[in-house]
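Side chains included, hydrogens not; waters and symmetry mates left out as well; all remaining heavy atoms used. Given the structure is predicted, the values throughout are model-derived calculations rather than measurements.
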Amino acid sequence: MEISRRNAIITGAAVLAAGGFAGAFLLNGRSGEVAAAAAESVPIADLMQAGPLGDQVLGSEKAPVTIVEYASMTCPHCANFAVNVLPKIKERYIDTGKVRFVFREFPFDPVATGAFMLARCADKDKYFPMIEILFQQQNKWAVREPMEPLLSIAKQVGFTESTFKECLANQKVLDGIEWVRNRATDKFKVESVPTFFVNGEKVNGAVSIDEFDKIIQPYLKS
């Protein structure tokens, strides 16, 4: 199991490096633009059902606005959001009790799956720090040979080589991540990343902080 899992990750990285997944992150054929999802929404009760591994959440349960993001660790637009936009949302809305942010795994390739598995295997309070480091250093590990750079990053949050290998062979963690991805596809029609749901309203694409301001503010005024 461990050998096949590691080989799958390595194979996925080779395809990624060759450009095989590049088109997966273009929205309606336009990189970096927002694909509006006018009138698309999902029931909040359905959306807020957590997966087998539980949700990873920032912010207060009492916040009037809930943002759910589906992302892939090898997605450049997802990395840009995590590094450049989310910190501003956190400062303006999450830390002030206005927004609850839920981050969910939607891996598009085996390398992204492996990265998510490592974040899930980290101590609970290190999930978001691990995700942050992985997005910040995406160009270092989303490569043809991902294992060594991933191990190096994992060691920064407390992994040993042994626990690193054990994590990538953990079927329960893998199944939990796949459950979230499959439910997002089947029930919420998530097809590209990043995909956001703001109080149930679907928004696809590389959304800037100014665009998020326009989406969030009406909910705060109502």
Side-chain angles (χ1 to χ4, degrees), residues 1-22 24-25 50-58 69-87 90 101-185 193-194:
M1 179 67 71
E2 176 186 316
I3 295 175
S4 63
R5 180 79 34 70
R6 293 176 67 199
N7 285 344
I9 293 172
I10 292 171
T11 300
V15 175
L16 178 64
F21 289 98
F25 309 116
L53 303 178
D55 269 334
Q56 295 293 337
V57 182
L58 296 173
E69 179 193 8
Y70 287 93
S72 178
M73 291 309 305
T74 48
C75 160
H77 294 320
C78 302
N80 179 69
F81 172 78
V83 173
N84 297 312
V85 181
L86 182 57
K90 188 173 185 299
F101 179 78
V102 181
F103 182 79
R104 289 183 179 160
E105 299 99 343
F106 195 89
F108 263 179
D109 56 80
V111 186
T113 300
F116 277 133
M117 291 175 72
L118 292 170
R120 281 290 184 176
C121 290
D123 292 341
K124 189 173 182 179
D125 63 345
K126 294 180 179 177
Y127 179 88
F128 278 111
M130 180 73 169
I131 292 294
E132 183 179 358
I133 292 171
L134 286 166
F135 273 135
Q136 288 174 344
Q137 301 185 28
Q138 188 183 74
N139 65 329
K140 295 182 179 180
W141 59 267
V143 294
R144 187 174 298 275
E145 298 290 341
M147 301 304 290
E148 287 303 319
L150 278 175
L151 175 59
S152 177
I153 292 171
K155 285 181 176 179
Q156 296 178 40
V157 295
F159 282 83
T160 65
E161 185 170 355
S162 176
T163 57
F164 174 82
K165 292 177 180 179
E166 289 172 3
C167 176
L168 295 180
N170 190 318
Q171 189 66 41
K172 180 180 179 181
V173 173
L174 176 62
D175 290 345
I177 290 170
E178 290 184 341
W179 187 96
V180 169
R181 182 191 61 199
N182 292 339
R183 188 168 190 269
T185 299
V193 288

Straight-line distance of [X] [atom1] to [Y] [atom2], nearest 0.5 Å:
{"X": "F159", "Y": "M130", "atom1": "CZ", "atom2": "CE", "result": "5.5 Å"}
{"X": "Q171", "Y": "L174", "atom1": "CD", "atom2": "CG", "result": "5.0 Å"}
{"X": "N84", "Y": "F135", "atom1": "CG", "atom2": "CZ", "result": "12.0 Å"}
{"X": "E161", "Y": "E166", "atom1": "CD", "atom2": "CD", "result": "11.0 Å"}
{"X": "C78", "Y": "I131", "atom1": "SG", "atom2": "CD1", "result": "10.5 Å"}
{"X": "F103", "Y": "F128", "atom1": "CZ", "atom2": "CZ", "result": "7.0 Å"}

Check: Can a donor-acceptor pair be found between the side chains of N182 and E178 at a distance below 3.5 Å?
Finding: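 No, no side-chain donor-acceptor pair sits under 3.5 Å.
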Pair up each side-chain donor or acceptor in residues 146-157 with any protein partner under 3.5 Å, not counting sequence neighbours, and list the distances.
none

Please examine the side chains of [Y] and [X], heavy atoms only from C-beta on, and report whether any two atoms are closer than 4.5 Å.
{"X": "P107", "Y": "I177", "result": "yes"}
{"X": "E105", "Y": "M73", "result": "no"}
{"X": "L134", "Y": "F116", "result": "no"}

Checklist line | Non-neighbouring partners of V57 that pass side-chain contact (heavy atoms from CB on, under 4.5 Å), sequence neighbours left out | finding: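 Partners of V57 by the side-chain contact (heavy atoms from CB on, under 4.5 Å) criterion, ordered by chain and then number, come out as D55, R100, V102.
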Check: Which atoms form the tightest heavy-atom contact between T74 and A112, and what is the distance?
Finding: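 Minimum heavy-atom contact is OG1-CB, 3.6 Å.
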Check: Mind checking what makes ring pair (Phe, Tyr, Trp, His ring centres under 6.0 Å) contact with F106, not counting sequence neighbours?
Finding: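 Here the qualifying residues are F108.
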Item checked: Expected output: side-chain E69 to main-chain F101 donor-acceptor under 3.5 Å -> no
Checklist line | Side-chain donor/acceptor of D109 to backbone N/O of V111, under 3.5 Å | finding: yes
Margin query: One pair to check against side-chain contact (heavy atoms from CB on, under 4.5 Å): V180 and Y70. What are the steps and the verdict?
Written below: CA-CA 9 Å; V180 169; Y70 287 93; 4.0 Å; yes
